[in-house]
Protein chains: 2
Amino acid sequence: MSARGTIVAMESSSAASGGSTRREATRQKLYEAAVTLIAEQGFSATTVDEIAERAGVAKGTVYYNFASKSVLFEELLRHGVGLLAASLREAAEQTARDGGSRVDALDAMIRAGLVFIDRYPSFTQLYVAELWRTNRAWQSTLMVVRQQAVAVVEGVLREGVEQGEFSAEIDVPLTAAALVGMVLVAALDWKSFQPERSLDDVHAALSRLLQGRVSGRG
Amino acid sequence: MSARGTIVAMESSSAASGGSTRREATRQKLYEAAVTLIAEQGFSATTVDEIAERAGVAKGTVYYNFASKSVLFEELLRHGVGLLAASLREAAEQTARDGGSRVDALDAMIRAGLVFIDRYPSFTQLYVAELWRTNRAWQSTLMVVRQQAVAVVEGVLREGVEQGEFSAEIDVPLTAAALVGMVLVAALDWKSFQPERSLDDVHAALSRLLQGRVSGRG
DNA sequence: GTTTTTGCACTGACCAGTCAGTTCAAATTC
DNA sequence: GAATTTGAACTGACTGGTCAGTGCAAAAAC
């Protein structure tokens, strides 16, 4: 219920060339309203009137700020995934700086993914629901943006293979997709069906899976 | 594009208590039409007129066979997931009969999952898109049915733990969810973004991940 | 002769997007 | 520093179109 946080904490470098703060604040409210409603109901089932009402704003204001319902949604997507990719990249780089191994980097990225989903569950929900749809206006936006996130994981895997830390036999793109999927689905399940668990708990379980410590004596 | 196969190859034990075959055939056509359209566009964006047209049937026929658009969709869901769960169970049992280990069983289930998704990609797409939505009419249907599938995986994991084949430290429900997610997402990615790969290829990659043969010298 | 399908006109609700008009804070003028 | 102007931001009633679901007489299938 309580959808904590905003997708759009990004500040938009306020001062420089910045539009009025008022306008920015309105857009924020609209993003927040839209993300939860669309996550719950889907894009088509969510009306602009609902979004406006939830944001405490008149319908006209939505169209003053966004060209259309789809544009509002697309900007929401772009913004959110940008945040996620940045967060993954940050985790990988931090590990590298600390002299960690590639497995450590993957582990750090899993955690970063979990933290993100914990903060923005609605966004994640909405993203997964739309990613594999075909024939949608924002299909290309979605693809580009997906690649952005998966590429970070692929990068770490590839480096690991080059360094001999990972088996040369692994299929980099496929493994990257599988890892992302694992985290995504496990996290959504966590939030939906056992929200009482702690992030550390979930992280530990996935970590174990990653390191193949499932079979064999713990 | 070419959405092969039907969700509903299930035969419905034809003879016994079976309604006329003609009616059943019409329902089949409607299921097929609905599943691809809804996978592409989502439930709300798909109109009953479209479904009827794609099925080559009059609109009135839709309402002669189903009480409403939502009911048609719900029956579609129930049917599809029933198929998946049965297929997973079958894979696990077959492995047991052959005297395979639990890891073998998990591996067989991964393959069964891939085969299912290969056959019914639209259904999978649609299922993933709807599963984590809240506030939907068919929410409970979906939950029940999800549990049905995940439970099969949990069962194998639990037996493995009891038998000492898996670490006692693993979190059974979470690991089960993660495994299902891994397969689901990897497969959807396969179908969407690199459809030229073979099922064996994808299976091998996931198998490796499962058995922790990612890190270390292959 | 019963079940199923067809074709098609119709209704009423709902909804994306528009637009003429309002608000108000900041800039400009005197 | 009070009076006036400006224009970006916002409002909400309205429009044109769409769509789920109905009703029903006639045809087709079995």
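Convention: sequence-line order gives letters A, B, ...; per-chain numbering from 1.
Side chain of Ala58(A), nearest nucleotide from dG21(D), dT11(D), dT4(C): dT11(D).
One can place CD of Glu53(B) at 15 Å from P of dT18(D), the figure rounded to the nearest angstrom. Rounded to whole angstrom, the span from the CD atom of Glu50(A) across to the P atom of dC14(C) amounts to 12 Å. Per the geometry, CZ belonging to Phe66(A) stands 16 Å off C1' belonging to dA16(C), to the nearest Å. Note: CD (Gln28(A)) to P (dA9(D)) measures 15 Å, nearest angstrom. Remark: P of dC19(D) and CD of Gln41(B) are 10 Å apart, rounded to the nearest angstrom. One atom, CG of Asn65(B), and another, P of dG21(D), lie 15 Å apart when rounded to the nearest Å. One interatomic measurement links the two molecules: OH of Tyr63(B) to P of dT6(C), which rounds to 16 Å at whole-angstrom precision. If you measure from atom CZ of Phe73(A) to atom C1' of dA16(C), you get 17 Å, rounded to the nearest angstrom.
With hydrogens and angles left out, the side-chain atoms of Thr95(A) and Asp104(A) include no donor and acceptor closer than 3.5 Å.
Contact annotation: Thr61(A) side-chain N/O to dT11(D) OP1/OP2 distance is under 4.0 Å. Neither OP1 nor OP2 of dG12(D) sits under 4.0 Å from any side-chain N or O of Lys59(A). Close to dC10(D), at under 4.0 Å from its OP1 or OP2, lies a side-chain N or O of Thr26(A).
Using a 4.0 Å cut-off between charged side-chain N and carboxylate O, Glu50(B) and Arg54(B) make no salt bridge.
A perpendicular orientation is assigned to the rings of Phe116(B) and Tyr120(B), their planes being inclined by more than 60° (bins at 30° and 60°).
Taking the nucleotide of DNA chain C with the nearest heavy atom to each of Tyr64(B) and Ala67(A), the more 5' of the two is matched to Tyr64(B).
In this structure, Ser70(A) reaches neither bases nor backbone, as no heavy-atom distance under 4.0 Å exists between it and the strands shown. Within the nucleic acid shown, Val57(A) comes within 4.0 Å of sugar-phosphate atoms alone, with no base atom in reach, counting heavy atoms only.
Atom CD of Glu53(A) is surrounded by 12 or fewer heavy atoms from other residues, nucleotides or ligands within 6.0 Å.
The minimum heavy-atom distance between Val81(B) and Phe123(B), with the atom names listed, is N-CZ, 3.5 Å.
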